[in-house]
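Labels below follow one simple rule: chain letters A, B, ... track the order of the sequence lines, proteins then strands, and each chain is numbered from 1. Quick caveat, the model's predicted, so the values are computed rather than measured.
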Amino acid sequence: MRAAPLQSRDMSEIETNDQVRDQARYNPAEIEPKWQARWDADPELYTAEGHEAGRPKFYCLEMLPYPSGQLHMGHVRNYAIGDALARFMWMRGYNVLHPMGWDAFGLPAENAALKNNTPPREWTLKNIDAMKKQMRRMGLSYDWSREVTTCLPDYYRWNQWFFVKMFEKGLAYRKKSKVNWCPDCQTVLANEQVINGRCWRHEETIVELRDLTQWFLRITKYADELLDGLEKLEGWPEKVRTMQRNWIGRSEGALVNFAVDASVQNANADPSTPLRYAQDDTCNVITVFTTRVDTIYGATSIQLAPEHAVAKAFAAEDPALALQIEALLEEQRKAREADDLGGIEKHGVNTGRFAINPFTQERLPIWVGNYILADYGTGAIMSVPAHDERDFEFAQKYGLPVRRVIAAKEGEQPELPFTAEDDAVLINSREWDGLSCVEAQQKIAAFAQKQGFGEATVTYRLKDWGVSRQRYWGTPIPMVYCLNGHDSPEPGKPCVEPGGVVALPESALPVLLPEQVEITQEGGSPLGRIPEFLNTTCPVCGGPARRETDTMDTFVDSSWYFYRYTDAKDDAAPFASEKANYWFPIDQYIGGVEHAILHLIYSRFWTKVMRDLGLIHNDEPAERLFTQGMVIKDGAKMSKSKGNVVSPDDMITRYGADATRMYALFAAPPDRDLEWQEEGVAGISRFLGRVYRFATKYVDVAREGREPHIVGRTETDQKLLRKLHQTIAKITQDFSGRWHFNTSIAAIMSLINEIVAAEAAIDAGQVSPAAVAEVMRTLVLLLTPFAPFFAAEMWEQIGGEGVVFRTPWPVADEELAREDEIEVPVQVNGKLVNVVTLAAGSDEAAIKAMALADEKVKARVEGKNVVKVIVVAGKLVNLVVK
RNA sequence: GCCCGGAUGGUGAAAUCGGCAGACACAGCGGACUUAAAAUCCGCAGACCUUAACCGGUCGUGGGGGUUCAAGUCCCCCUCCGGGCACCA
């Protein structure tokens with residue numbers, strides 16, 4: 001399918017066909033650059049005003065892209081949606097903030113540096129330039145005066161500022177732990193960046209676990225607030241809220257201490273030892289986490305994760321056991337890599353040791369199980385086979401006793417394991433017998449706490465956010481390690497303990513990323529290889545110090561960028577509170593669902609931290625969130641590897657930006673996946689051509705008709721205006737409701753079909769110029785959010801005043817839109833028989849009479865009894881006959 | 001296994017509150033214009049049966065049941081596709 005030939009009218013005069021010569025061709029290749037040049041020359045065009053504007057504000061935001069250098073169709077779709085909304089809101093009289101920026105730190109710049117020997121900064125800025133050109137070419141209404149580029153010091157210095165603030169509040173801390181390591185990225189990843197055991201950027205790459213000391217942000221401190229806040233986010237898709245709920249994974253339960261049996265080992269075991277976690281290395285007490293402490297009388301063994309400290313301690317004294325535990329560990333590791341942790345068969349080893357149930361004083365065998373996760377709860381459980389499916393499976397396999405402690409409902413004999421807890425009642429639990437499970441959970445936990453060997457607790461799946469990255473192209477973490485050793489346990493050696501870590505004062509910020517750096521394949525904190533960067537002085541004692549060489553996760557950048565838009569040039573603060581408080585929360589955030597638990601949970605956390613720092617008032621960043629569907633080609637997501645990528649530039653060259661954008665909105669509702677079909681873009685281009693041809697033909701009529709003369713309306717006038725106002729109403733409604741722009745555009749097409757059908761009537765003088773003028777003027781306004789170049793050109797041609805997208809959105813006149821006749825389908829026994837036409841507003845009796853008088857209906861009813869007549873006003877009539 | 005989506009003509013889809021299923025397009029077919037083609041304009045178009053043709057009829061929104069005067073839409077069961085979570089104690 002080729003585009004319409006981009007020839008001018010002059011050329012077509014060579015043709016002999018008069019009709020072709022009369023009709024001006026729609027030529028986006030001429031129109032779009034012309035308007036783009038005018039708009040680019042007017043930096044004020046899309047500038048959001050301050051709060052003094054006196055109009056209601058509207059913050060419309062699309063997720064900022066990574067500057068890869070190329071827009072893809074997903075971007076086009078995302079921005080076409082956002083731009084339509086922003087333009088609509090402008091026309092509705094809102095003070096609109098519609099900014100754009102660049103998520104400009106990250107690994108691809110380093111990879112490109114290796115490949116092309118181009119410094120990351122240069123490569124990135126060049127890409128930004130190229131993509132900005134593409135965006136301008138698309139005609140997007142961004143306020144470029146607020147552009148944010150996260151890799152520039154005027155932005156990332158505030159990342160550092162926030163980091164120091166968080167450090168001071170105890171929200172940023174260093175700890176050694178098992179972390180996810182991507183061998184491809186050569187760096188650590190946060191939990192959220194590991195998808196099914198693989199790197200979020202490398203689908204094929206299995207993430208390894210390494211023990212490293214890393215910086216963490218205490219997102220878990222806000223776990224409950226992040227969870228509870230989801231309830232109030234009614235403008236967010238339920239899907240995203242559910243994903244975040246799952247991710248936070250709040251679970252109420254209890255910790256209980258089981259003393260390791262002193263008669264076998266550890267004579268000092270003391271059941272009242274303070275509660276401890278698996279990571280601790282003393283081993284005379286095992287703390288288990290359970291959500292079913294009510295079943296504690298049914299516990300028949302203790303199960304430890306293979307990595308549990310107590311298991312390790314036992315292994316240290318027993319080489320055979322050590323080998324077996326090592327094997328279990330290896331199994332877990334393999335299963336994790338195969339992404340089938342749930343699939344491995346449960347088994348374990350008996351350590352030969354015992355732990356004492358503090359409620360019964362019973363000795364329970366201690367096992368190490370391959371199904372126990374070290375990183376959830378305490379890494380140790382009490383096994384209650386009667387009331388837990390996994391424990392049951394395990395107990396069956398090893399012949400461990402199964403002891404029932406929950407009664408079934410009366411009359412029921414459910415099989416074990418019996419896991420229900422609703423109105424079930426305890427048995428075989430001594431003084432707790434007869435209590436409901438829920439009651440028992442509370443009372444038993446309270447009792448354990450009173451006795452000092454347990455407590456009620458809450459655990460989360462959510463872990464603190466690991467933000468250290470062993471990479472160059474990111475925000476330097478603004479911390480130093482004092483070599484003088486003040487606060488350090490061993491003077492003269494680098495401080496690695498919390499006491500020796502020093503945050504840089506605000507005056508020392510930003511810590512600039514050095515430009516002259518050798519990027520190597522190995523990664524691994526290249527900053528450590530630059531002495532000028534590494535060596536510094538301690539801001540506390542003035543002695544020699546070493547800088548932190550890790551950089552921050554790039555998700556830090558995107559966690560608060562949208563606040564910076566409100567005050568992008570501020571060099572005294574990340575932003576002025578007053579400005580952020582005017583614009584926030586974001587009224588509409590639009591982006592892909594792939595960020596549901598990455599960016600979207602981090603930025604909610606960051607907002608809460610900023611609120612607690614007193615910078616802002618809002619609890620949540622965005623009032624409403626919209627997640628658009630993917631762009632598909634030949635049934636698969638567009639990707640280089642599948643070779644099904646359609647280039648936006650190519651589309652724009654062939655069909656124009658307007659047609660490309662409009663197709664992205666027309667081909668499917670925005671929340672669904674969209675199959676890209678080039679024929680469809682050609683169709684939209686044809687549609688615009690139809691409008692163009694019609695409009696240019698009646699330009700003079702439209703101009704003349706602008707003079708208001710009071711004349712009676714002809715019948716065709718009425719008809720056209722009715723359709724026009726119905727269309728206004730339809731589109732206005734689509735914008736405020738479901739955003740089904742596909743139907744909005746269909747409505748405009750339908751309107752054009754009717755207008756073109758009336759062409760003969762117009763030529764015959766049966767349509768008044770005023771009506772033609774109103775129709776044309778309004779039609780152009782309706783097209784503005786979807787095809788801004790086209791609308792601007794048409795607006796100019798028909799003599800519209802001012803800038804088309806600052807012209808008020810048309811208001812539907814209900815009176816004009818009302819049909820004077822209605823068509824009422826008549827059914828007999830639910831089957832359509834005929835459609836009768838009658839005056840709008842006819843009462844039920846009139847509709848019924850009309851229906852019964854219809855010949856076809858009569859024929860159907862002949863000789864039968866009309867049992868019932870259902871008249872639905874304005875909808876239909878159904879006769880029930882026998 | 002659990003939790004969300006989704007399944008409608010040859011294709012993308014529409015039907016927003018239970019009321020004419022298939023709007024609007026794409027592809028296709030027929031016609032007009034043209035020496036011809038492109039472009040453009042007009043028209044046809046769910047499937048099947050019946051008919052020379054008109055007329056007419058039956059079926060039809062993944063499958064099966066139900067509620068209702070009336071179901072793509074509500075209820076129950078099932079299949080398939082996409083996404084999320086998953087030995088989370």
Any [X] side-chain N or O less than 4.0 Å from OP1/OP2 of [N]:
X	N	result
A:Arg690	B:A25	no
A:Asn753	B:A25	yes
A:Asn370	B:C87	no
A:Arg686	B:C26	yes
A:Ser383	B:A89	no

From the set [options], return the single nucleotide nearest to any side-chain atom of [X].
X	options	result
A:Ala667	B:C20, B:G12, B:C4	B:G12
A:Ile870	B:A89, B:C24, B:G19	B:G19
A:Glu823	B:C20, B:G83, B:A23	B:C20
A:Glu679	B:C3, B:A15, B:A27	B:A27
A:Arg693	B:A89, B:C85, B:C41	B:C41

(request) Mind checking A:Glu675 for me? I need base, sugar-phosphate or nothing, with any heavy atom below 4.0 Å counting as a touch. (result)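 Counting heavy atoms under 4.0 Å across all strands, no contact is made by A:Glu675.
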
(message) Any base atoms under 4.0 Å from A:Asp671, or only sugar-phosphate, or nothing? Heavy atoms, all strands.
(response)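 Contact class for A:Asp671: none.
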
(request) Establish whether the base of B:C85 is bridged to the side chain of A:Asn246 by a donor-acceptor pair shorter than 3.5 Å. (result) no

(request) May I ask you to say whether A:Lys697 pairs ionically with A:Glu759, meaning some side-chain N is under 4.0 Å from a carboxylate O? (result) yes

(message) Let me spell it out: for each of A:His347 and A:Arg672, pick the nucleotide of RNA chain B with the closest heavy atom. Which residue's pick is nearer the 5' end?
(response) A:Arg672

(request) Could you pull out the closest heavy-atom pair between A:Tyr26 and A:Gly689, with the gap in Å? (result) CB-CA, 3.6 Å

Could you run down the sub-3.5 Å N/O contacts of the protein with nucleotides 54-59 of chain B?
unit_1 : atom_1 : unit_2   : atom_2 : d
B:G57  : OP1    : A:Arg860 : NH2    : 2.8

